[in-house]
Amino acid sequence: MSSPPSEFRRARRPEQVEARRRAILATARETLLERSLAEVSLRELSDRVGLAKSNVLRYFDSREAIFLEVLETEWSSWLDALEGEGEGEGEGEGEGEGEGEGEGAEADGGSGGPYAVEIRFATSVADTLCARPLLCELISAMAGVLERNISIGFARDFKQRAAAHTDRLAALVRTRLPQLDEAAAGHFAGAVFVITAGMWPYVNPTEAVATVTAEMGYPTAAEAFPLQLREGFITHLIGLTARAAS
C-alpha cells in the first residue's frame, strides 16, 4: 500500500485533522461492508488507511469509538431516509380509516382496516432498517461490545448524539401517530433499537446451525429477519396505540 501524501501525514491544520478522521471512518465503513465487525481489528484498519495504530488513536479513543462514529453516521442517514419515505403520508391519515376497505386495502398491502397507519409505519421502519445491514450489525454490537472500550468524554458525546437520534425518531412517530403521547413515542423509538439488536445476531448463524435449521424446515435466518422485525415493530406499535386508547 502506498504511503499517503506528506501533507496528509502531518495533519497540522484543523482541516487536515478532519480529513484524516474522515479517511479513517470511510475505511472503517468500507471494511465493514466486506467483513463482520468481529473480524476487523485496529491493526487492519490502520494498515488499510496507511497509518500506524498509534497515529489512528490520536484521532479516536479506540477501535470501538471508530465504529460508534460509523454507527452514528449510519443512524442519521437512516432517519433521513425514513423521514423521506413518509413525506405527505400524514395528511388525512386517521380520517375515514374504515372506508373503502376493498380497493384501498389492497393498495395498502392488506392493511386498510384497523391500525392501518400503525402497520404501514412499523413496516416502513422495519423495511428501511433491513435495507441497511451495516446499521443493524452496529446496533446489535453497540451496548454489548462497542460501548465497553471508550472514554467518559467520548461516551458523553456519543450518548448525547444517540439520544438526539432517538428523540428524532420519536418525533417522527408522533407526526404519523398523533394519538401517542411523548412517552409512548419515545418507548417505541427505544424499542426499535432493542428489538433490532436482539434479532440481528441470528441473521448470520454458523454453518452447523444453518444446516440444522434447514433440516428442521425453518426459513433461513436472512429470510426470517425481515418478517420477524416487521411483526415485532407492528405488534409493539399497535400495543402502544391500544393502550393509549384505553
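Basis for what follows: all heavy atoms, side chains included, without hydrogens, waters or symmetry-related copies.
Taking both residues in full, the closest heavy atoms of Arg174 and Ala185 are given as CG-CB, 3.4 Å, listed atom of the first, atom of the second, then distance. In terms of heavy atoms, Ala81 sits closest to Arg132 at CB-NH2, 3.6 Å. For the residue pair Leu229 and Ala126, the shortest heavy atom distance occurs at CD2-O, 3.9 Å. Between Pro219 and Ala224, the shortest heavy-atom contact is CG-CB, 4.2 Å.
When the salt bridge (charged side-chain N to carboxylate O under 4.0 Å, His left out) test is applied to Arg161, the partners found at least two apart in sequence or on another chain are Glu69, Glu72, Asp157. Shown here are the side-chain contact (heavy atoms from CB on, under 4.5 Å) partners of Val209, two or more places apart in sequence or in another chain: Pro205, Thr206, Thr213. For Glu223, the side chain to side chain donor-acceptor pair (under 3.5 Å) test picks out Thr220, with sequence neighbours left out. Applying the side chain to side chain donor-acceptor pair (under 3.5 Å) test to Glu39 and every residue at least two apart in sequence or in another chain returns Ser36. By the side chain to side chain donor-acceptor pair (under 3.5 Å) test, Thr128 pairs with Trp78, sequence neighbours left out. Remark: Asp167 pairs with no residue by the salt bridge (charged side-chain N to carboxylate O under 4.0 Å, His left out) rule, at least two apart or across chains.
Connection of Val194 to Leu180 is not established within any shared hydrophobic cluster, with ILVMFWY side chains joined at heavy-atom distances below 4.5 Å, either directly or through further cluster members. Side-chain heavy atoms closer than 4.5 Å link hydrophobic residues (I, L, V, M, F, W, Y) into clusters, and following such links, possibly through other members, connects Val70 to Leu79. Note on Val49: it clusters hydrophobically with Val17, by side-chain heavy-atom contacts below 4.5 Å among ILVMFWY residues. Leu134 and Leu25 end up in the same hydrophobic cluster when Ile, Leu, Val, Met, Phe, Trp and Tyr side chains are linked at under 4.5 Å. Hydrophobic clustering, with ILVMFWY side chains joined whenever heavy atoms are under 4.5 angstrom apart, keeps Tyr202 apart from Leu37.
Looking at heavy atoms from C-beta onward, Tyr59 lies in side-chain contact with Ile24 at the 4.5 angstrom threshold. For the pair Thr31 and Thr27, the minimum side-chain heavy-atom distance is below 4.5 Å. Between Arg168 and Asp80 the shortest side-chain heavy-atom distance falls below 4.5 Å.
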Starting from the C-alpha separation in whole Å, work towards a yes-or-no answer on side-chain contact (heavy atoms from CB on, under 4.5 Å) for Arg20 and Leu51.
CA-CA 10 Å; Arg20 181 170 290 184; Leu51 295 170; 3.8 Å; yes

Test log, rule side-chain contact (heavy atoms from CB on, under 4.5 Å), inputs Trp75 and Leu169:
CA-CA 10 Å; Trp75 197 348; Leu169 178 56; 6.0 Å; no

How far apart are the C-alpha atoms of Val173 and Val125, what are their side-chain angles, what is the distance that settles it, and do they pass the side-chain contact (heavy atoms from CB on, under 4.5 Å) test?
CA-CA 10 Å; Val173 172; Val125 173; over 6 Å; no

Would Phe154 and Ser62 count as a side-chain contact (heavy atoms from CB on, under 4.5 Å) if you check the C-alpha gap in whole Å, the side-chain angles of each, and the deciding distance to 0.1 Å?
CA-CA 10 Å; Phe154 181 85; Ser62 60; over 6 Å; no

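For Leu33, the CG atom counts as densely surrounded, since its 6.0 Å shell holds more than 12 non-hydrogen atoms of other residues, nucleotides or ligands.
Note on residues 177-190: pairs passing side-chain hydrogen bond (donor to acceptor under 3.5 Å, both in side chains), not counting sequence neighbours, are Glu118-Gln179, His187-His236. Sorted by first and then second residue, the salt bridge (charged side-chain N to carboxylate O under 4.0 Å, His left out) pairs involving residues 52-62 (not counting sequence neighbours) form an empty list. The salt bridge (charged side-chain N to carboxylate O under 4.0 Å, His left out) pairs that include a residue from residues 228-242 are Asp127-Arg230, where partners are two or more places apart or lie in different chains. Among residue pairs with one or both ends in residues 189-198, none qualify as side-chain hydrogen bond (donor to acceptor under 3.5 Å, both in side chains); sequence neighbours excluded. Screening residues 25-34 for salt bridge (charged side-chain N to carboxylate O under 4.0 Å, His left out), with sequence neighbours left out, gives Arg29-Glu74, Glu34-Arg48.
A donor-acceptor pair is defined here as one N or O able to donate and one able to accept, closer than 3.5 Å; no such pair exists between the side chain of Thr235 and the backbone of Gly232. Without hydrogens or angle criteria, Ser77 side chain to Thr73 main chain gives no donor-acceptor distance under 3.5 Å.
One distance of note links CG of Leu138 with CG of Leu68; it measures 8.0 Å at 0.5 Å rounding. Separating the OG1 atom in Thr166 from the CZ atom in Phe188 is a distance of 12.5 Å, to the nearest 0.5 Å. Expressed to the nearest 0.5 Å, how far NE2 of His165 lies from CD of Gln160 amounts to 12.0 Å. Separating the CG atom in Leu129 from the OG atom in Ser124 is a distance of 9.5 Å, to the nearest 0.5 Å. In this structure, OG1 on Thr123 lies 3.5 Å from CD1 on Ile234, to the nearest 0.5 angstrom. Taking CD1 of Ile238 as the reference point, atom CZ of Phe233 lies at 14.0 Å (rounded to 0.5 Å).
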Atom pairs and distances, side-chain donor-acceptor, residues 139-150, under 3.5 Å, sequence neighbours left out:
{"from": "Ser140", "atom 1": "OG", "to": "Glu137", "atom 2": "O", "distance (Å)": "2.7"}
{"from": "Glu147", "atom 1": "OE2", "to": "Lys159", "atom 2": "NZ", "distance (Å)": "3.1"}
{"from": "Arg148", "atom 1": "NE", "to": "Ala143", "atom 2": "O", "distance (Å)": "3.2"}
{"from": "Asn149", "atom 1": "ND2", "to": "Glu64", "atom 2": "OE1", "distance (Å)": "2.8"}

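Annotation: cation-pi pair Arg21/Phe60 present, NZ/CZ under 6.0 Å from the ring centroid and within 45° of its normal.
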